[in-house]
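Heads up: the structure comes next, in C-alpha cells.
All figures in this text were calculated on a predicted structure; none of them were measured in a lab.
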Amino acid sequence: MKINLSKMVTESRNPASAEIDTLPTLDMLALINREDQQVPLAVEATLPEVAKVVDLLVEAFAQGGRLIYCGAGTSGRLGILDASECPPTYGTPREQVIGLIAGGNTAILQAVENAEDNAEMGAQDLRNLDFNARDLLVGIAASGRTPYVLGAMAYARSVGATVASISCNPGSEMSKAADIAIEPRVGPEVVTGSSRMKAGTAQKLILNMITTGAMIRSGKVYSNLMVDVEATNAKLLQRQVNIVVEATECSSERAEQALNQCNRHCKTAIVMILGDLSAQEASAILAKNNGFIRKALQGIKA
C-alpha cells in the first residue's frame with residue numbers, strides 16, 4: 001500500500017533547518033535547541049487529554065487493571081523505557097505497566113524489518129498478555145498510522161478496554177481510533193522525518209506524566225518523595241534513608257533503624273516514626289488506608 005508521507009507533519013520539511021548542513025557546529029546545535037524549545041509548549045496544549053488518561057489509569061489500577069504501551073521503533077522503545085522504570089521507582093509489580101514493541105525484544109536494540117506493518121501482530125501481542133477490559137492501552141506512534149499499533153488498538157477496543165493514543169500528526173488514524181487522542185503538535189523535524197527528535201521528546205514527556213501522575217494519585221508519592229522506591233543498589237538504600245529523614249525530620253540513625261524493622265519499606269518507616277507506632281501497627285494502618293500516608297496519619301490523629 002502506498003503511503004502519502006507528504007501530508008504528515010512529522011514527514012514535512014522544516015524551512016528553519018533547510019541550510020543546517022552548511023552551519024558551523026555551534027550554530028547547528030543552537031538551531032536544534034531552538035526547535036526543541038517548542039516541544040514543552042506543544043505538550044502543554046495536550047494536558048487536558050493527558051489528565052483524562054491519568055484519571056482513567058488510576059481507576060484501572062484500583063480495579064486490578066494494567067497499563068500497556070504499544071509502539072514501533074523509537075515509540076516502542078520509549079514505552080518500554082517508561083514501563084521498566086516503574087517497579088524500581090514506585091515499587092509496582094512488573095506486570096502492572098508493560099511496554100510492547102513491534103518485532104519483540106530484538107527490536108529494542110535494532111530495527112526489525114517490516115514488523116511495524118503487521119497489524120495482526122499488534123493484536124496477537126495483546127492476546128499473549130491476556131489483555132482485558134480492565135486494562136488501559138496507550139498506542140504510541142509519531143506518524144499516527146503504524147499498522148502494528150492500530151491492530152493493537154482495534155483489539156483493545158473489541159474487548160471493551162479504554163484506548164488512548166499519542167501521535168504528532170493531528171487527525172491521524174490512531175487519533176480517530178482512540179477514546180482519548182493526545183496530539184502534541186511539535187511541527188516538522190530539523191532533519192526531515194527524524195521523529196526520534198522533537199516527536200520523541202514530546203512522547204517521552206507525556207509518558208513521564210502519565211505514569212508519574214497515576215503513581216501520585218495512587219498514593220505512591222508523599223509530598224514529593226517516592227515513598228515506594230525499591231532498594232536495589234547502594235544508592236537506593238541511601239535514598240530510602242534520605243526519604244525517611246526528609247519526611248519525618250528524624251536522624252539518619254533513626255531512619256535506618258525504622259527501615260530495618262519494616263523490611264525497608266519507606267511508607268511504613270515514615271508512619272512508624274510520625275505516629276510513634278510499631279512496624280506491625282504502621283503496616284496495618286497503611287493497609288487500612290490503601291497505602292496513602294496522609295490518610296493513615298489522619299487516622300492516627302483521629
Residue pair S167, S175: steps toward the side chain to side chain contact (heavy atoms under 4.5 Å, CB included) verdict: CA-CA 7 Å; S167 64; S175 293; 3.5 Å; yes

From CA spacing to verdict: side chain to side chain contact (heavy atoms under 4.5 Å, CB included), N263, H265: CA-CA 6 Å; N263 199 28; H265 188 237; 5.6 Å; no

Please report the shortest heavy-atom distance between [X] and [Y], naming the atom on each side.
| X | Y | answer |
| --- | --- | --- |
| A279 | C262 | CB-CB, 4.0 Å |
| A72 | E116 | CB-CB, 3.5 Å |
| G275 | I300 | CA-CD1, 4.0 Å |
| S143 | T146 | OG-OG1, 3.6 Å |
| L237 | A231 | CD2-CB, 3.5 Å |
| A181 | S165 | CA-OG, 3.6 Å |

Looking at side-chain heavy atoms only, is the closest gap between [X] and [Y] below 4.5 Å?
| X | Y | result |
| --- | --- | --- |
| P147 | E173 | no |
| L277 | V271 | yes |
| V53 | L56 | no |
| S75 | Q203 | yes |
| M153 | R157 | no |
| D135 | N132 | yes |
| I273 | R254 | yes |
| L150 | Y155 | no |

Any Lys/Arg nitrogen of [X] or [Y] sitting under 4.0 Å from an Asp/Glu carboxylate oxygen of the other?
| X | Y | value |
| --- | --- | --- |
| E44 | R185 | no |
| E256 | R264 | yes |
| K267 | D228 | yes |
| D179 | K52 | no |
| E35 | K198 | yes |

When you look at [atom1] of [X], are more than 12 heavy atoms from neighbouring residues, nucleotides or ligands closer to it than 6.0 Å?
| X | atom1 | result |
| --- | --- | --- |
| D21 | CG | yes |
| N105 | CG | no |
| R217 | CZ | no |
| N128 | CG | yes |

Atom [atom1] in [X], atom [atom2] in [Y]: separation rounded to 0.5 Å?
| X | Y | atom1 | atom2 | answer |
| --- | --- | --- | --- | --- |
| L274 | E249 | CG | CD | 9.0 Å |
| L225 | I293 | CG | CD1 | 8.5 Å |
| T212 | N208 | OG1 | CG | 5.5 Å |
| L207 | M209 | CG | CE | 9.0 Å |
| Y90 | E230 | OH | CD | 13.0 Å |
| L31 | E19 | CG | CD | 10.5 Å |

Sub-3.5 Å donor-acceptor pair from the side chain of [X] to the main-chain atoms of [Y], do we have one?
| X | Y | answer |
| --- | --- | --- |
| N289 | F292 | no |
| N33 | L29 | no |
| T46 | E49 | no |

Let me check something: do [X] and [Y] share a hydrophobic cluster, defined by ILVMFWY side-chain heavy atoms less than 4.5 Å apart, either directly or through other members?
| X | Y | answer |
| --- | --- | --- |
| M272 | V245 | no |
| I108 | I140 | no |
| L81 | M215 | no |
| M197 | V9 | no |
| I166 | L67 | yes |

Under 3.5 Å, is there a donor on one side chain and an acceptor on the other for [X] and [Y]?
| X | Y | value |
| --- | --- | --- |
| R127 | Q124 | yes |
| Y148 | D117 | no |
| N14 | E189 | no |
| T10 | N169 | yes |
| T192 | E11 | no |
| S283 | T268 | no |

Side chain to side chain contact (heavy atoms under 4.5 Å, CB included) between S195 and T74, intermediate numbers included: CA-CA 8 Å; S195 56; T74 296; over 6 Å; no

Of I98, L100, V97, the residue whose pairing with Y69 passes side chain to side chain contact (heavy atoms under 4.5 Å, CB included):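 One option only clears the test, and that one is V97.
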
Of E246, Q238, Q240, the residue whose pairing with N242 passes side-chain hydrogen bond (donor to acceptor under 3.5 Å, both in side chains):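 That would be Q238.
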
Stepwise side chain to side chain contact (heavy atoms under 4.5 Å, CB included) check, C70 with D125: CA-CA 9 Å; C70 178; D125 283 350; over 6 Å; no

